[in-house]
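Here, residue 1 is the first one in the sequence, and each next residue gets the next number. Side chains included, hydrogens not; waters and symmetry mates left out as well; all remaining heavy atoms used.
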Amino acid sequence: MPEMPFFWYGVIFVHIKLPFCCFSLTSKKKGIPDHVILTTGLHNRYWILDVQEIHGARGSVEKHLTITASKTSHPTEICILKDGWESTPVSTGDVVHLEGQCVSGTWLIDRESGFLVLLPDVLISGTSIASGIRCMRRAVLGEMFKCFDGGSKQMLNGTIVHDIFQKAAMSGDFSMERLQLLANQALLSPNYLGDMYTLKLTQEDMKQEIWEYLPAMTEWARDYLHTSPQAGKKLWQDSACSIAVTDFVDIEENIWSPRFGLKGKIDVTAGVRIHRKGRPPLNRVMPLELKTGKESNSIEHRSQVILYTLMSLERRSDAEAGFLLYLKTGNLHPIVGNHMDRRELLKLRNTLAHHVGNSMEKEGKTRMAPLPGIITDRQACKWCPQIRNCALYDRAIESRAPDYYSSESQQLLVQQESEHLTEAHLLYFSHWLLLCALETHTMERKGGRHNIWLQSAQEREKSGGCMGNMQLIGPVKNQSDGVYIHRFERRRGGEQGVTGLIVGDRVVVSDHDLQLIGVAAGYVTDMSSTAVSCSLDRDLSKCSSDVVFRLDQDEGVMGLSTHLVNLSKMMKRSPSSERLRELIVDFHPPQFIDNLSSVLPREAKDTVANILKGLNKPQKQAMKKVLLSKDYTLIVGMPGTGKTTTICTLVRAPLAVVRWPYTTPPRALLASDIGVIAPYRQQLKAISGLLAGPAFSTVEVNTVDKYQGRDKSVIIVSFVRSNLEGNLGELLKDWRRLNVAITRAKHKLLMVGSAPTLRRYAPLEKLLNHLTQESMISFTLPSMALTMSSKFIPFATKAHADVGFVL
């Protein structure tokens, strides 16, 4: 595969043309802070002491950096940036990583050799960098408001198709039968049913589109999978090269790359055999990026693959190339990661890291820094997942700067996205965004994730945040989909440092040689001074038995991302967000229910009263206020007044109220405690078939007549009928049968039916009116819910009712 560049970034420089002039860009010198870690070697870290811009006679520009890897600032080295690298936004006090060769104390980073990575401990995702090609503002916002991209049918479809391909890959079976089985399993998976319900999609809605991908997957496997007789026979356009996939090494491989300041999850890591005419076969481990959208072979898609080849250097030898696989067509595109493309993408990454790492500025008082400008591509903005945050940031922060300028089209965009917000809302957004940024800065200074790769396990153990010299013991247990139980023990002869890890701590697992940085993450489930058990998101049994692991406490999980995403969602144009703004920003008083009888079932009152024993009068008053609350209740008290006791009691009391479907007082609820009543045998047959699994085998499903003189802890009554004519059927018109059906439950009665149809019968209409009056009707299912899986339609009722009705 020839080395062919696919893009180049032009850079425009504005400078004064003076021969061999030197301009110092150095601000006032400051000492190197204590929290900064400097080092040489593979993960070198240099502190910039001075920056000078050199202008040559022919208009050439260079930046000369004076750098040091010592906290004493001696000795120093020189780094020369040229051929476009001088545009890197470096300044005194920045930390950089250098790739290349240092000759006589001088690093040369130019067109042909070397890389400079600005703020390398700020790990930027390959997806963000790729999105920054067309809009750097979107990329910065994407790093700030992580996990923000809203759900859509297309996104859910892509996720499910990815899952199908990955599971087929790990099983090595891409037959149509296997793919259809995996697709059906995915459509019934709790991982996706919630999203489908939120998006008001049925399984049939999803199935039709997902099925369109399956033939292309089978065809791809026939052409490229080494187990196929046709593998390796398909030639590329130049008819000089063919490939065969020999192995699927991993799926969703998580890579942290502190050398290049990158991070990402590779869809599929594959072993590939490359055949070139006249040459022996070449075996490589390469990234395979899956795409479910349009086969564009776009610059963004190719950039992602190139960045994966770069960050994969942390784990293995240079793959030099990767592949784009468009699952809709089965077409495979080779993407070469040559030096020029990697160079330009790292420059882009440095610009993004500069904005992320310098999110605040101090001019008199600390404020959020301006972002890259808003682009004027209407089509790109229309579908941008960060459009609301883009407008919010402009109106709440940037527009208040004295030198602010915005074009008419930009002003229109901002106005359309934020006109529903008042000045108070904008001030609230800017205030809390700044507070979150300040807290993030403080957390980083105290010690973030970068200590995992910049400090040895022995150094980390001194602070109690690590357990090193660990080896994997015994088999790995697959607890559930994506959760694996591991047990690690200290190797014999290893030092036993004091560990600050406790059960429940989140940990990141790496190896001592730092070739597997962040290979897995999870939580401590059990531990002693020499051993620890963890539930991890990866199965590490495939690692060599010689690997020595370290477990680092991970305080950086999600950081403040959840707070920032919630802050943004509160500014959304929707009824729920508007109510939140009224309560939180505008200080509208919260609403409360008049009396407890409407929220506490009769049989729960004694239980709750028993729970409240031992509380003093103010604590009981606080409990009552919470139970009556429609919106929120603030509990305020001086230290030692019993807030923690009150909170613990608050947790216990609602559990007593909403104990079903998990338990029914005073004992645990078993499947045999549940009875289902339906008037028609065909309905009974259908329900019994849906409850055929071992977990529900003892649930009793029967007619009304069979329940005469008997009862169950929980009764679910299905009224079946739903039609425009209001035809209820003769069985349901028998008031005696109705009386039997609704009096069989000892603790919980749940009725499922169509209210418009049932209201045609007077006794049922009276019952519905009573339930409505007592606020016992749980919720209205969407019309399409009838086609959803029975595993998804919840048997639920309002927490404060012992009788519920699902419409």
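- Side chain of H162 to backbone of L290: a donor-acceptor contact under 3.5 angstrom is found.
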Under the side chain to side chain contact (heavy atoms under 4.5 Å, CB included) criterion, do H301 and E289 qualify, and how do the steps go? CA-CA 8 Å; H301 290 176; E289 175 71 4; over 6 Å; no
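- Side-chain atoms of S535 and I485, non-hydrogen and from C-beta on, do get closer than 4.5 Å to each other.
- Classification of E253 and R316 as a salt-bridged pair holds, one side-chain N sitting under 4.0 Å from a carboxylate O.
- Although no hydrogens or angles enter the test, the distance criterion places a donor-acceptor pair under 3.5 Å between the side chain of N350 and the main chain of L118.
- Side chain of N389 to main chain of S568: no donor-acceptor pair is present (N/O by atom type, distance under 3.5 Å, no hydrogens or angles).
- Of the possible polar contacts, one joining the H512 side chain to the N469 backbone as a donor-acceptor pair under 3.5 Å is found.
- Nearest heavy-atom pair across N254 and R315 is O-NH2, 2.8 Å.
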Please step through side chain to side chain contact (heavy atoms under 4.5 Å, CB included) for the pair S312 and I255, ending with a clear verdict. CA-CA 7 Å; S312 293; I255 297 184; 4.0 Å; yes
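- Under the 3.5 Å distance criterion, the side-chain polar atoms of D511 are matched with a main-chain donor or acceptor of L516.
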Pair F145, L433 - check side chain to side chain contact (heavy atoms under 4.5 Å, CB included), show working. CA-CA 10 Å; F145 297 94; L433 187 62; 4.1 Å; yes
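- The shortest distance between side-chain heavy atoms of K477 and Q479 does not fall below 4.5 Å.
- Contact check for K569 versus V565: side-chain heavy atoms found under the 4.5 Å cut-off.
- R349 places a side-chain N or O within donor-acceptor distance of the main-chain N or O of G261, the cut-off being under 3.5 Å.
- Under the 3.5 Å distance criterion, the side-chain polar atoms of D163 are left unmatched by any main-chain donor or acceptor of T159.
- Within the 4.5 Å cutoff, the side chain of T88 has no heavy atoms near those of the K63 side chain.
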Salt bridge (charged side-chain N to carboxylate O under 4.0 Å, His left out) between K542 and D250, worked out: CA-CA 10 Å; K542 296 180 181 179; D250 205 349; 5.6 Å; no
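- R302 and D341 are not joined by a salt bridge, as no carboxylate oxygen comes within less than 4.0 angstrom of a charged side-chain nitrogen.
- Two residues are said to be in side-chain contact when any heavy atoms from C-beta on lie closer than 4.5 Å; E252 and D267 meet this criterion.
- L116 is listed as a side-chain neighbour of V90, based on a closest heavy-atom distance under 4.5 Å.
- Counting heavy atoms from C-beta on, the side chains of I335 and Y308 never come closer than 4.5 Å.
- Side-chain atoms of D526 and R487, non-hydrogen and from C-beta on, do get closer than 4.5 Å to each other.
- Using modelled atom types and a 3.5 Å distance limit, the side chains of S171 and D173 yield no donor-acceptor pair.
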Mind running side chain to side chain donor-acceptor pair (under 3.5 Å) on S70 and T72 for me, showing each step along the way? CA-CA 5 Å; S70 170; T72 64; 2.7 Å; yes
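- Sparse packing is recorded around CG of D34, with 12 or fewer heavy atoms of other residues, nucleotides or ligands lying under 6.0 Å away.
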Stepwise, does the side chain to side chain contact (heavy atoms under 4.5 Å, CB included) test hold for T269 with V285? CA-CA 7 Å; T269 306; V285 176; 3.5 Å; yes
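- Ionic pairing of R490 and E461 is present here: one or more N-O contacts between side-chain nitrogen and carboxylate oxygen are shorter than 4.0 angstrom.
- With values rounded to the nearest 0.5 angstrom, W256 atom CH2 is found 9.0 Å from I517 atom CD1.
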